[in-house]
Amino acid sequence: MLLQLAVALSCLVLGSQAQAQGQGRASMRRSNDHSGQCQYTFTVASPGEVSCPGSSTMPGPEAEGILARLTLLESAVSRLVSGGGAGAEDGLQEAHTQAMGERRQLQQEKETLNQQMQELQKRVDELSLEAKTLRQRPCPQEPTSGGPLHDTKKKPEADPAREFGNGAYQEMKAEVTEVPASRLLPEGAHNYTGCGELVSVGEPVLHRKADGITGKYGVWLQDPEAPGPVYTNETVWRIDTVGKDVRQLFAYESLEQLVRGFPMKVLVLPESVESTGAALYRGSLYYQRRRSRTLLRYDLAAERLVTRLDLPDAGFHGQHPYSWGGYTDIDLAVDEQGLWAIYSTSRAKGAIVLSRLDPDSLEVRRSWETNVRKNTVANAFMVCGRLYTVASYTAPDTTVNHVFDTATGEGRAIAVPFKNKYRYNSMVDYNHGRRKLYAWDNFHMITYDVRLGRPSNSSS
């Protein structure tokens, strides 16, 4: 619209100029009418008359100013009609071409996505039909037995579903159950009651999830050799270890009461607990005093400290922790052979030092220095006088990656599968009375069944 107006004005100006050149010099007058409005009057000299008496013309400077403005307007219109218009048209054409190309590309992507969605829907229908078929088939039931920690829904250790998590599970199981169990395991890998080497760690079994933020890390245990009668091996003990002054020790009458969240008693410890390295053994809680290398023995029945002793040269409060941190410099453990301390010293330069402790006096009976750096492993536990380390605390599928045998003084790499189901495992302890690992995995209190092989001649 503006372009058309500019062209019209240009034509008017050009026509006026041509007429003025043909008839003489033109002039313009402006004056107010009787109502006070300004009026402009254009005057052209008559070709037959030289002059018109009494007439007045516009002063020269005003006419020149208006003529200059009209000249500029004419120039602008010329640029729009010639150069500017062509450039704008070219730009519009290029934008239109680009938009059409993008539209075609989007249309192609839409068609591709529709095809993928149809293929996925077809696959879902096939899987649903397969699942329906599998549900209609009978699933062989195997006899189960166990103590309070037994999970009746847990798959057997030889269950092929551990390795093949797909829809062919039941057919595979039917084939395997026809093979004698003795042929499924290599020689020396049976679940003996003696102290053999670790063969496998079962699936994690959840018992309870901590309620508050203080339960992200913690310790939960049962005494493998509880003397009774006040507390038995059924009593469950729990410490939430997040906080600057950790002192509360919760006691539950049984595992069922832990699951329900009803403690039978809450003890307040006289000294603060450092991290997740506590252990239970023969009616006493053993733990590290906060910000020190001091070990404490707390009698649960008497509800008092009975022994305190510094662990010689042990690093503490972040000097030699596990890879996940948490001030896990000193980790106490219990197995069939007694009470142990897993730690490091400046002399060992961060390598794991393993010491067997006197459970009454806390004095070191004997120590071993390994070649495993403590900050490269996520956790450690003792089974039958052997130290085992866990490779990662966050990887869902990791391994027990190293074993050190105190009977021979030798260590070696192993690869026993281990699962961190909840991706932040801050505590792993062995209970030889139940032959289970107890763990605290990102608010979750869980256990693992373990299977040991045939005892070797080096076992003591």
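Contact annotation: the side chain of Val306 approaches that of Asp299 to within less than 4.5 Å [non-hydrogen atoms, C-beta and beyond]. Residues Leu300 and Leu280 meet the side-chain proximity criterion, which asks for heavy atoms closer than 4.5 Å. Looking at heavy atoms from C-beta onward, Met382 lies out of side-chain contact with Val334 at the 4.5 angstrom threshold. Here the side chains of Asn420 and Thr394 are not in contact, with every heavy-atom distance at 4.5 Å or above. Within the 4.5 Å cutoff, the side chain of Leu295 has heavy atoms near those of the Leu357 side chain. The closest side-chain heavy-atom distance from Val353 to Arg347 is not below 4.5 Å. By the 4.5 Å heavy-atom criterion applied to side chains, Phe443 and Ile213 are counted as neighbours. Counting heavy atoms from C-beta outward, Tyr281 and Leu332 have side chains that stay 4.5 Å or more apart.
Here the CD atom belonging to Gln257 is positioned 15.0 Å from the CZ atom belonging to Phe250, to the nearest 0.5 angstrom. Asn379 contributes atom CG, which lies 9.5 Å from atom OG1 of Thr389 (distance to the nearest 0.5 angstrom). For the atom pair OH of Tyr252 and CG of Leu258, the computed distance is 5.5 Å after rounding to the nearest 0.5 Å. In this structure, Gln248 CD and Leu269 CG are separated by 9.5 Å, a value rounded to the nearest 0.5 Å. Residue Asp331 holds its CG atom at 4.5 Å from CD1 of Ile342, rounded to the nearest 0.5 Å. We find the OG1-CG distance between Thr447 and Asn431 to be 10.0 Å, quoted to the nearest 0.5 Å.
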Show me, pair by pair, the donor-acceptor contacts under 3.5 angstrom made by side chains of residues 99-107, not counting sequence neighbours?
none

Which atom pairs, one a donor and one an acceptor, fall under 3.5 Å between side chains of residues 359-377 and the rest of the protein, sequence neighbours left out?
from	atom 1	to	atom 2	distance (Å)
Ser361	OG	Asp358	OD1	3.4
Ser361	OG	Glu363	N	3.4
Arg365	NH2	Asp358	OD2	3.2
Ser367	OG	Ser355	OG	2.5
Trp368	NE1	Thr406	O	3.4
Thr370	OG1	Ile352	O	3.0
Thr370	OG1	Val372	N	3.3
Arg373	NH1	Lys349	O	2.7
Arg373	NH2	Lys349	O	3.0
Lys374	NZ	His320	O	3.1
Lys374	NZ	Thr328	O	2.4
Lys374	NZ	Asp329	O	3.4
Thr376	OG1	Arg373	O	2.6

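Using a distance-only test at 3.5 Å, with no hydrogens or angles considered, no donor-acceptor pair links the side chain of Glu111 to the main chain of Gln108. The closest donor-acceptor contact from the side chain of Arg208 to the backbone of Val259 lies under 3.5 Å. Counting only distance, with no hydrogens or angles, the side chain of Asn442 and the backbone of Arg423 share no donor-acceptor pair below 3.5 Å. Using modelled atom types, no side-chain atom of Arg289 and backbone atom of Glu274 make a donor-acceptor pair closer than 3.5 Å.
For the side-chain contact (heavy atoms from CB on, under 4.5 Å) test, residues two or more places apart in sequence or in another chain that qualify with Glu126 are Lys122, Arg123. Among residues two or more places apart in sequence or in another chain, the ring-ring contact (aromatic ring centres under 6.0 Å, His included) test is passed with Phe381 by Tyr388. For Asp240, the salt bridge (charged side-chain N to carboxylate O under 4.0 Å, His left out) partners are Arg238, not counting sequence neighbours. Residues satisfying the side-chain hydrogen bond (donor to acceptor under 3.5 Å, both in side chains) test with Gln121, not counting sequence neighbours, are Asp125. Checked against side-chain contact (heavy atoms from CB on, under 4.5 Å), Ser284 has the following partners two or more places apart in sequence or in another chain: Tyr286, Arg297. Every residue meeting the ring-ring contact (aromatic ring centres under 6.0 Å, His included) condition with Tyr448, not counting sequence neighbours, appears here in chain and number order: Phe418. With sequence neighbours left out, the side-chain contact (heavy atoms from CB on, under 4.5 Å) criterion links Ala395 to Ser392, Thr398.
Residue Tyr327 qualifies as open at atom OH: its count of foreign heavy atoms under 6.0 Å is 12 or below. Few gaps surround CZ on Arg247; more than 12 heavy atoms of other groups in view lie less than 6.0 Å from it.
A side-chain donor from one of Tyr430 and Glu336 sits under 3.5 Å from a side-chain acceptor of the other.
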Salt bridge (Lys or Arg N to Asp or Glu O under 4.0 Å) evaluation trace for Glu234 with Arg434: CA-CA 11 Å; Glu234 296 292 329; Arg434 300 178 182 273; 3.4 Å; yes
side-chain contact (heavy atoms from CB on, under 4.5 Å) between Leu452 and Leu198, intermediate numbers included: CA-CA 5 Å; Leu452 306 181; Leu198 181 68; 4.0 Å; yes
Test side-chain contact (heavy atoms from CB on, under 4.5 Å) applied to His444 and Lys421, step by step: CA-CA 9 Å; His444 299 81; Lys421 184 175 182 180; over 6 Å; no
Derivation of the side-chain contact (heavy atoms from CB on, under 4.5 Å) call for Ile330 and Leu311: CA-CA 9 Å; Ile330 299 175; Leu311 185 60; 4.2 Å; yes
Stepwise side-chain contact (heavy atoms from CB on, under 4.5 Å) test for Met427 and Thr241: CA-CA 11 Å; Met427 165 244 169; Thr241 59; over 6 Å; no
Worked check of ring pair (Phe, Tyr, Trp, His ring centres under 6.0 Å) between Tyr217 and Tyr424: CA-CA 9 Å; Tyr217 321 128; Tyr424 209 104; 5.8 Å; yes
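Judged as a salt bridge (Lys or Arg N to Asp or Glu O under 4.0 Å), the pairs with a partner in residues 213-233 (not counting sequence neighbours) are, in order, Glu225-Arg282. Applying the salt bridge (Lys or Arg N to Asp or Glu O under 4.0 Å) test to residues at least two apart or on different chains, the pairs with a partner in residues 300-321 are Lys265-Glu303, Glu271-Arg308. Listed by first and then second residue, the salt bridge (Lys or Arg N to Asp or Glu O under 4.0 Å) pairs involving residues 388-397 are Asp397-Lys419 (not counting sequence neighbours).
In this structure, Ile446 and Pro204 approach most closely via the heavy-atom pair CD1-CB, 3.9 Å. Minimum heavy-atom separation, Ala226 to Thr232: CB-C, 3.4 Å. Heavy atoms only, all atoms of each residue included: Pro270 and Tyr287 are closest at CD-OH, 4.4 Å. Nearest heavy atoms, Phe404 versus Gly409: CE1-O, 3.5 Å. The two residues Tyr322 and Ala380 make their nearest non-hydrogen contact at OH-CB, 3.4 Å. In terms of heavy atoms, Asp335 sits closest to Gly385 at OD2-N, 2.6 Å.
Taking the ring centroids of Tyr438 and Trp220, they lie under the 6.0 Å cut-off.
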